[in-house]
Structure formats: structure tokens, C-alpha cells
Amino acid sequence: MLDLKALEKNFEEIAAKLKKKKVDEKLLLKLKELFVKLKKERSKLENLQAIQNKKSKLFPVYKKEGKDINELKRELEENKEKIAVSQTIVRDLENELYDIALMIPNIPDEDVPEGDGEEDNVEIKKVLTPPQFSFKPKEHWELDPNGYYLDFKRGVKLAKSRFTVLKHKAALLERALINYMIDFNKKRGFEEVAVPYLVNRESLISTGQLPKFENDLFKIEEENLYLIPTAEVPLTNLFRDEILKKDDLPIKLTSYTACFRKEAGSAGKDTRGMIRQHQFDKVELVAITRPEDSDKVFWEMVSCASDLLSSLGLAHRLVMLCGGDLGFSAAKTIDLEVWFPGQNRYREISSVSNTRDFQARRAMIRFKDENKKNRLVHTLNGSSLAVGRTLIAIMENYQKEDGSFEIPEVLKPYL
RNA sequence: CGGGGGAUGGCUGAGUGGUCGAAAGCGGCGGUCUUGAAAACCGUUGAGGCGCAAGCCUCCGGGGGUUCGAAUCCCUCUCCCCCGGCCA
């Protein structure tokens, strides 16, 4: 959530920055006005409450002194009416305010490039060169036309489209990758955690998936729980409503989970193969830091994911997302795109984001600083990596002319 | 899923209508003592909002109600624990 006080103070500046994310300035103005109005009405209410509190305390005194109570009682009954009216106004304003505030995305960092979408993202660097083939490399589903490794047909039979069954070496490789990634991340100082795959509404509001993206989530209606779209949600929410000790920061976590997404807006996109699934495995990184440390940790996370790809021998590039492509909660995002020889292009395999205090404010994650002040932390998240996409990247990059594929050296101990 | 019991500050836990934002203990922080530490002793210690400040307001799981006044009474929802059943 935006800092409403900052919005009130520096409206022009914030509105200008949010233009990068295509936020309607009129809506922002409305938000600001609601905030000012709310503060005014609230202080009016508080004055009335102060009167009520003070005078109510006279009752025991009057009784002791044997004074008449009726006059006082009448007065307070009247005041009570005023309080009720004011309270209703305050509550309505609050509801209206939060309905809007929760729908406004994070402010992009200064260095986030302008742009409307993917085509305006800025390549930062390329790592490793894509492999050369003496034949025309195939896409992963072409490598395996009979569904020996990736059984799309049976995935559909069991659930619906965008579900896949992994078999033989692919199933083994999936599991090996998960273990390899977690071990790799642990060496970089990220602590392994195992978390629930179902979370409640509050958790999803805190990390920014709700209320805006309800349609992207699988929901268990009768339980009021949602399947996690990413481990970022449970990992970040671990610290919701907590005040952390300054010495505990930064907290750096890694976790493997399955992830579930409805892919509501992706009709027709990547329908073939395993690029875009309703259920996929991912090893995630999450960090909770002091505000002054979040940039440093951000680049640590980018390096962690990039080095991981390099260790698997996968050519990739780093791309900084432009304002228009930036996610709802992110102030800055670097995508890692891995080379897919069959598609002859780079595709996203990891995304590292700094949300600054945006999620922390929603989730009320704070720390006590050296002056004993409670301050919001910064939260960061990144994939390291999307396991299914890594699997097919390996299949494509390590493919041989006969359709078989090699296994990267570093994974062999894991098989 | 059936039966019972709960939800109070970082934790344990007292508080059943009136200066209760809340006893006590633990923990944390500061100090005394000590070469240093432990122990002991003393002090201090919830969060949010408004305000230059003094100060005021809100918060005892969430929501609603009764009352001049609610942590305390009523309604409702959620969650947790125990016993039994089922089960990885």
C-alpha cells in the first residue's frame, strides 16, 4: 500500500512516478482527498469521544456526593448521538479509502525505464552464449512427441489443460533440480523453509495478490483458503503483524513449493508445452531487510539466480522491467530470461523484485531500530528458479539430434 | 465429523460494569556489583492515529448490540486447544 501521508505531502511527485505504472491521476487525487477528509472527520469524532469519556467518569463521583445525575445523563445521551453520526461517516470514509488504496500499485524506482510492455524492457547483460547446433533444434514437445517424458494428454485427463504429468528421466530431473536449487541457495545464505500451499485471504492481501487479482487464484470456497500462486506469499507472510529485532535482519529464506495459477488472462498464450501451467514447481527466495539494505540484497538475489543458471550451463540474459511491465507490488524487477533454442529466443525463468515497504505496510512487518522506533522493513522476492521451465530449458539446450538430451554435470550427483 | 474448553501486551497469566491500556511472573533493555560473566538487586519496557506541543483518541480475536460508561453483559463470525471418531 502507498504511504498516504507521503501522498498528501508530495502528491505531484508520487503522481508523476505512478504515471510509469499507468495509474490514473484522478484516482490518486480522490484517494488523497479522502485521506484528508478522513483525518478531519476523525479528529472531530475524537473530540466528541473525549467529552464522553471525561464526563462519564463523573458518574461515580456524583453518586458518592449524592448529586443529581439526570442532567448529566441527558447531556451525554445527546453527545452519544453525535458520536454515532460521526462514527458512521468515519467508517464509510475508511471503507472507501481502503477500497481504493489497496488497488493502487507500488511506486516504481527512479531507475525503472518508461514503457508500456515487454518490448520496452531493457536488457542489462547477457550471460553465456547460446549453444550452436549442427541440426535444427526442436522445441521441448517436439523432442518428445509420444509423451514419454512430458505426458500432456494424461495431465488433461487427470485435471484439465495446462496440467502435465512428468515421467521417467523428466520426473527424476524435476526432483533433482529442486534439491540442487535449494542446496545452491543455502550456500548463498538462504535458509530453507517448508510452508503451507494454502493460505487465507489476509495473507494474499498483504503481498498484493488481493483484492485486485482474485481471478488469477484457485480458491477452496468452503474453506475460504486459496492455493498459493507463489511461495512469496507464505514466506513473506511468515512475519505479518510482527515487529522484528534489528539483529535478526536481513532474513533470507528459500523454499520449494508447487504454485497454482489460473492464468486467466493468458488464453491462447503458450498453450503447447510446459511453459505456462496451472500447477508448477518453483524454488523461491524471499528476503526481509532494513530499508537501507534492500538494494544490496536485491542484487545478491539476482546474482544467486543468475549464477544458478550459469552453473547449469544455461545461457540467459538479465532484463530490467519497464514501468508498464512491472508487477503490482514491485518497485523494481529484474527478469532472468533463459535461452530456448527450439523457440530461438529468451523466455522468463526467474523474476527478482524489490517491493520496498509496499508489502510491509500492508502486512505490518516492522523492526525496532537502534532508537527503538518501529520502522517498516523492505521485502524482496525472487524465483530461483521456476523448476518446470528449467527442466524444459535443459531438454532443449542439451538436446541431441536423435531427440534425447544430456544432463548438466552438476545435477548428476542428484540423480 | 461429534462432545467440551478457550482467545488479554514479546510470552505465561490475573482481571465479570466506572480513573484498567490493564496485576503478577518471565523475557527484553539500562544500571549497581564483578577483572569479565552469571546470580542478586534497582529502574525501565505494548501498538496505531492526530497534533509544533501539551495532550487527546483507538486497540484486551473480528463484527454488531446494551449502557452515561464494556476487557468485563448480549448476539454473531473466525480461529485455537483438549477428548472421541476417521486418516497420511
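Residue numbers start from 1 in every chain, and the chains themselves are labelled A, B, ... in the order their sequence lines are given, proteins ahead of strands. Just so it is clear, the structure is predicted and the values come from calculations on it, not from any experiment.
- When heavy atoms are screened at a 4.0 angstrom cut-off, A:N374 is found touching the sugar-phosphate backbone but no base atom.
- When both distances must be under 3.5 Å, the Watson-Crick or G-U wobble mate of B:A40 is B:U32.
- In this structure, A:K44 reaches neither bases nor backbone, as no heavy-atom distance under 4.0 Å exists between it and the strands shown.
- Here B:G18 is the nucleotide among B:A47, B:C29, B:G18 with the atom lying nearest to any side-chain atom of A:P60.
- Proximity of a side-chain donor or acceptor of A:T355 to a complementary backbone N or O of A:T379 within less than 3.5 Å is detected.
- Base pairing of B:G61 is made with B:C77, judged by Watson-Crick or G-U wobble geometry with both donor-acceptor distances under 3.5 Å.
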Which atom pairs, donor and acceptor, lie under 3.5 Å between side-chain atoms of residues 320-335 of chain A and protein residues at least two apart or in another chain?
{"unit_1": "A:D325", "atom_1": "OD2", "unit_2": "A:N121", "atom_2": "ND2", "d": "3.0"}
{"unit_1": "A:S329", "atom_1": "OG", "unit_2": "A:T207", "atom_2": "O", "d": "2.9"}
{"unit_1": "A:K332", "atom_1": "NZ", "unit_2": "A:D111", "atom_2": "OD1", "d": "3.3"}
{"unit_1": "A:K332", "atom_1": "NZ", "unit_2": "A:D111", "atom_2": "OD2", "d": "2.8"}
{"unit_1": "A:T333", "atom_1": "OG1", "unit_2": "A:S353", "atom_2": "OG", "d": "2.7"}
{"unit_1": "A:D335", "atom_1": "OD1", "unit_2": "A:S351", "atom_2": "OG", "d": "2.7"}

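- Going from the P atom of B:C57 to that of B:U76 covers 33 Å, rounded to whole Å.
- Checked by distance alone, A:K368 brings no side-chain donor or acceptor within 3.5 Å of a matching partner on the base of B:G28.
- Closest approach of A:I104 to A:V23, counting heavy atoms only: CG2-CG1, 4.4 Å.
- Here the C1' atom of nucleotide B:C50 and the NZ atom of A:K9 are 13 Å apart, to the nearest Å.
- One can place NZ of A:K372 at 9 Å from P of B:U45, the figure rounded to the nearest angstrom.
- The number of heavy atoms from other shown groups lying within 6.0 Å of NZ (A:K55) does not exceed 12.
- Note: CD (A:E223) to P (B:C77) measures 16 Å, nearest angstrom.
- With salt bridges taken as basic N to acidic carboxylate O contacts below 4.0 Å, none links A:E263 and A:R162.
- A:K245 has its NZ atom 11 Å from the C1' atom of B:C11, to the nearest Å.
- Residues of residues 45-53 of chain A having a heavy atom closer than 4.0 Å to RNA chain B, listed by number: A:E46, A:Q49, A:A50, A:Q52, A:N53.
- Across the protein-nucleic acid pair, A:K373 atom NZ and B:G49 atom P stand 10 Å apart, rounded to whole Å.
- With a 6.0 Å cutoff to the six-membered ring centre and a 45° limit on the axis angle, A:K73 does not count as a cation-pi contact of A:Y62.
- Scanning both residues, A:E284 and A:S383, for their nearest heavy atoms gives OE1-CA, 3.5 Å.
- Within 4.0 Å of A:K57, counting heavy atoms only, lies no atom of the nucleic acid at all.
- Base-pair partner of B:G9: not found among the strands shown (Watson-Crick or G-U wobble, both distances under 3.5 Å).
- The P atoms of B:A37 and B:G28 are separated by 15 Å, rounded to the nearest whole Å.
- B:G36 and B:A47 have their P atoms separated by 33 Å, with the value rounded to a whole Å.
- Within the nucleic acid shown, A:K40 has no heavy atom closer than 4.0 Å to any nucleic acid atom.
- For the C1' atoms, the distance linking B:G46 with B:C26 amounts to 16 Å, nearest Å.
- A cation-pi arrangement is absent between A:K246 and A:F367 under the rule of less than 6.0 angstrom and at most 45 degrees off the ring axis.
- In this structure, A:K5 reaches the B:C50 phosphate: one of its side-chain N or O atoms is under 4.0 Å from OP1 or OP2.
- The backbone N or O of A:L309 lies less than 3.5 Å from no partner atom in the side chain of A:H316, so there is not a single donor-acceptor pair.
- Rounded to the nearest Å, the gap between the P atom of B:U72 and that of B:G18 is 12 Å.
- Atom CD of A:E41 is separated from atom P of B:G51 by 15 Å (rounded to the nearest Å).
- Across the protein-nucleic acid pair, A:I69 atom CD1 and B:G69 atom P stand 14 Å apart, rounded to whole Å.
- Whole-Å rounding puts the A:E222 CD to B:U78 P distance at 14 Å.
- OP1 or OP2 of B:G48 sits under 4.0 Å from a side-chain N or O of A:R366.
- Closest heavy-atom contact between A:Q279 and A:F163: CB-CE2, 3.8 Å.
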Every protein N/O lying under 3.5 Å from an N/O of nucleotides 60-67 of chain B:
{"unit_1": "B:G64", "atom_1": "OP1", "unit_2": "A:R91", "atom_2": "NH1", "d": "2.6"}

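- Distance noted for atom C1' between B:U66 and B:A54: 36 Å (whole Å).
- At most 12 non-hydrogen atoms from other residues, nucleotides or ligands lie less than 6.0 angstrom from NZ of A:K153.
- Residue whose closest nucleotide on RNA chain B sits further toward the 5' end, between A:M364 and A:L76: A:M364.
- Nucleotide B:U72 forms a pair with no other nucleotide shown, judged by Watson-Crick or G-U wobble geometry with both contacts under 3.5 Å.
- Across the C1' atoms, B:G17 and B:C74 are found 13 Å apart, a figure rounded to whole Å.
- Remark: the separation of the C1' atoms in B:A24 and B:U34 is 30 Å, to the nearest Å.
- Side-chain polar atoms of A:Y226 and A:E214 form a donor-acceptor pair below 3.5 angstrom.
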